[in-house]
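Here is the structure we will look at, set down as structure tokens.
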Amino acid sequence: MSDRDPQPVERQLPTEEARDLLALVRDIAQREIAPKAAEEEDAGRFPREIFTLLSESGLLGLPYSVDYGGGEQPYEVYLQVLEELATARLTVGLGVSVHTLASYALASHGTKQQKVEHLPAMLGGGLLGAYCLSEPSSGSDAASLRTKAVRDGDGWVIDGTKAWITHGGIADFYTVMARTGEDGPRGITAFLVPGDAPGVSGAAPEKKMGMKGSPTAQVHFDGVRVPDDRRIGEEGQGFSVALSALDSGRLGIAACAVGLAQAALDEAVRYATQRRQFGRPIADFQGLRFMLADMATQIEAGRALYLAAARLRDAGRPFAKQAAMAKLHCTDTAMKVTTDAVQILGGYGYTADFPVERYMREAKVLQIVEGTNQIQRMVIARHLAGPEGRRTGP
């Protein structure tokens, strides 16, 4: 390795345990995930065995209580684990983030009995989760969802279709938001639905421009019966549960975006220090050096932003505005950095022989999932100026 090859990210971690944890994650990422990433993404293969390994290694429940099989790590640490995984392969980093999101409702709003019964398997028993909020006709306007849950004796019957579900059709459990009452946000309730429940089925995965190894599909609920003890929280509380989960989930997307951008920067530095034109490495040319400097600066800014939001969360302070800022900045940065990486590699960057074209295709979805970046700007503006449409005059 030359002194101009990319170096591992220097991390500020709160404990020696956290440093050991990141070392374990980096080892798994380099040995088990990165070597197969390009081939498996090209083939559209989901690496379920990697998620089994992560579960066995205690990496699928990091932010949750050790009493139920979690790792009880602060978000400051958990998000840096996600970043390392996403640097190796976005399908894995994003998959862990989605699993954590799917586990959030039960971990945060479930009864003690529900947690004892379900969380250990969800967090460390090899299960994989999915989060079901969006529908074919309700994406950004999530409160208009139409999937219904109707009381039937001592349980519920769920009917409807969810859309854009990561792990749709392969998940072992689904956290489902369904309408149990009036129109609007107050009529929505959360349920924990087994993936193998009769009436649950996944459609064919969407054909996407990137992240082909991560299945995204509609999930159909056709007369799915669930007992009342799989209702999470009170009736009508589901939308607030969903929004609370998304605040934390947006930080996961931000960390994954930084990891993807870091992978693109590393590849650009590696190429620029080895590729020679006009008798010297192209990294010696000022125009390209400035591109690398800008890429690195934006990545560091994104990392600092998501960690600042995570530390607010860990301290029990409001962090929704900062989570939206982190998701917005980090995913926009990932799109810009991956595009610049393709430019630095020139014609080679546009071929599948190098990973940067895949990184660029993958970056785009991060500006869309868990609230588009236009929605993030709306969230931030509401914190600054209040809700839209308020009267300020007589």
Side-chain angles (χ1 to χ4, degrees), residues 1-13 22 25-26 29-30 33-35 37-38 41 79-80 82-90 93-94 209-211 253-308 325-367 373:
M1 177 182 290
S2 75
D3 60 0
R4 290 202 290 187
D5 281 334
Q7 303 292 319
V9 173
E10 293 185 11
R11 301 197 176 278
Q12 297 181 6
L13 295 164
L22 264 292
V25 172
R26 188 171 286 167
Q30 292 175 349
I33 301 174
E41 285 297 327
L79 293 178
Q80 294 188 75
L82 281 188
E83 184 190 329
E84 288 285 347
L85 293 173
T87 299
R89 186 178 178 186
L90 184 59
L94 188 72
M209 67 184 288
M211 289 201 69
I253 298 300
C256 286
V258 170
L260 182 64
Q262 186 67 54
L265 174 63
D266 290 347
E267 186 64 26
V269 170
R270 186 178 298 111
Y271 181 86
T273 55
Q274 295 173 359
R275 173 71 167 172
R276 299 181 67 87
Q277 293 287 277
F278 304 102
R280 51 179 170 158
I282 63 172
D284 285 354
F285 294 99
Q286 186 179 75
L288 193 145
R289 295 173 77 85
F290 283 5
M291 288 179 70
L292 293 173
D294 287 345
M295 293 159 72
T297 299
Q298 290 302 304
I299 290 170
E300 286 290 348
R303 185 175 290 122
L305 188 56
Y306 86 62
L307 286 174
M325 288 177 169
K327 198 273 182 181
L328 169 64
H329 175 83
C330 293
T331 59
D332 280 354
T333 290
M335 193 72 249
K336 179 66 165 63
V337 166
T338 55
T339 302
D340 285 348
V342 171
Q343 188 70 21
I344 288 170
L345 270 67
Y348 291 111
Y350 199 66
T351 72
D353 295 329
F354 290 83
V356 291
E357 62 85 25
R358 170 167 60 89
Y359 298 157
M360 185 176 74
R361 289 186 286 105
E362 291 177 339
K364 186 63 217 173
V365 76
L366 299 177
Q367 295 177 303
N373 282 6

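- Between atom CD of residue E362 and atom CZ of residue R358 there is a gap of 5.0 Å, rounded to the nearest 0.5 Å.
- Residues L328 and T331 approach most closely at O-OG1, 3.4 Å, considering heavy atoms.
- Inspection of the Q262 and D266 side chains reveals an N or O donor paired with an N or O acceptor under 3.5 Å.
- Looking only at distances, no side-chain donor or acceptor of R89 sits under 3.5 Å from a matching main-chain atom of A34.
- Looking at heavy atoms from C-beta onward, K364 lies out of side-chain contact with T338 at the 4.5 angstrom threshold.
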Exercise answer: donor-acceptor pairs, residues 275-282 side-chain atoms, under 3.5 Å, sequence neighbours excluded:
unit_1: R275; atom_1: NE; unit_2: Y271; atom_2: OH; d: 3.3
unit_1: R276; atom_1: NH2; unit_2: G279; atom_2: O; d: 2.6

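- Between A255 and L82 the shortest heavy-atom distance is CB-CB, 4.2 Å.
- By the 4.5 Å heavy-atom criterion applied to side chains, D332 and Q367 are counted as neighbours.
- For A37 against A88, the heavy-atom pair with the smallest separation is CB-O, 3.7 Å.
- Side-chain N or O atoms of K327 include one that pairs as donor or acceptor with a backbone N or O of L366 at under 3.5 Å.
- Around atom CZ of F285, more than 12 heavy atoms belonging to other residues, nucleotides or ligands sit under 6.0 Å away.
- Distance CD/E300 to CG/L265: 9.5 Å, rounded to 0.5 Å.
- Counting heavy atoms from C-beta outward, R289 and D284 have side chains that approach closer than 4.5 Å.
- Rounded to the nearest 0.5 angstrom, Q298 CD and C330 SG are separated by 10.0 Å.
- A salt bridge does not link E41 with R361: none of the charged nitrogens is closer than 4.0 Å to a carboxylate oxygen.
- With values rounded to the nearest 0.5 angstrom, L22 atom CG is found 6.0 Å from E84 atom CD.
- Between Q80 and Y306 the shortest side-chain heavy-atom distance falls below 4.5 Å.
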Could you pull out every donor-acceptor pair under 3.5 Å between side chains of residues 339-346 and any protein atom, sequence neighbours left out?
unit_1: T339; atom_1: OG1; unit_2: M335; atom_2: O; d: 2.7
unit_1: D340; atom_1: OD1; unit_2: K336; atom_2: NZ; d: 3.3
unit_1: D340; atom_1: OD2; unit_2: K336; atom_2: NZ; d: 2.6

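- The distance from the CG atom of D294 to the OG1 atom of T333 is 11.0 Å, given to the nearest 0.5 Å.
- Salt bridge R303/E83: present, at least one basic N to carboxylate O contact under 4.0 Å.
- Here CD of Q286 is found 11.0 Å from CG of L288. Values are rounded to the nearest 0.5 Å.
- Contact between L85 and G93 at its shortest, heavy atoms only, is CB-CA, 3.9 Å.
- Between V258 and I299, some side-chain heavy-atom pair lies under the 4.5 Å cut-off.
- Residues L94 and I253 form a side-chain contact, since some pair of their non-hydrogen atoms from C-beta on lies under 4.5 Å apart.
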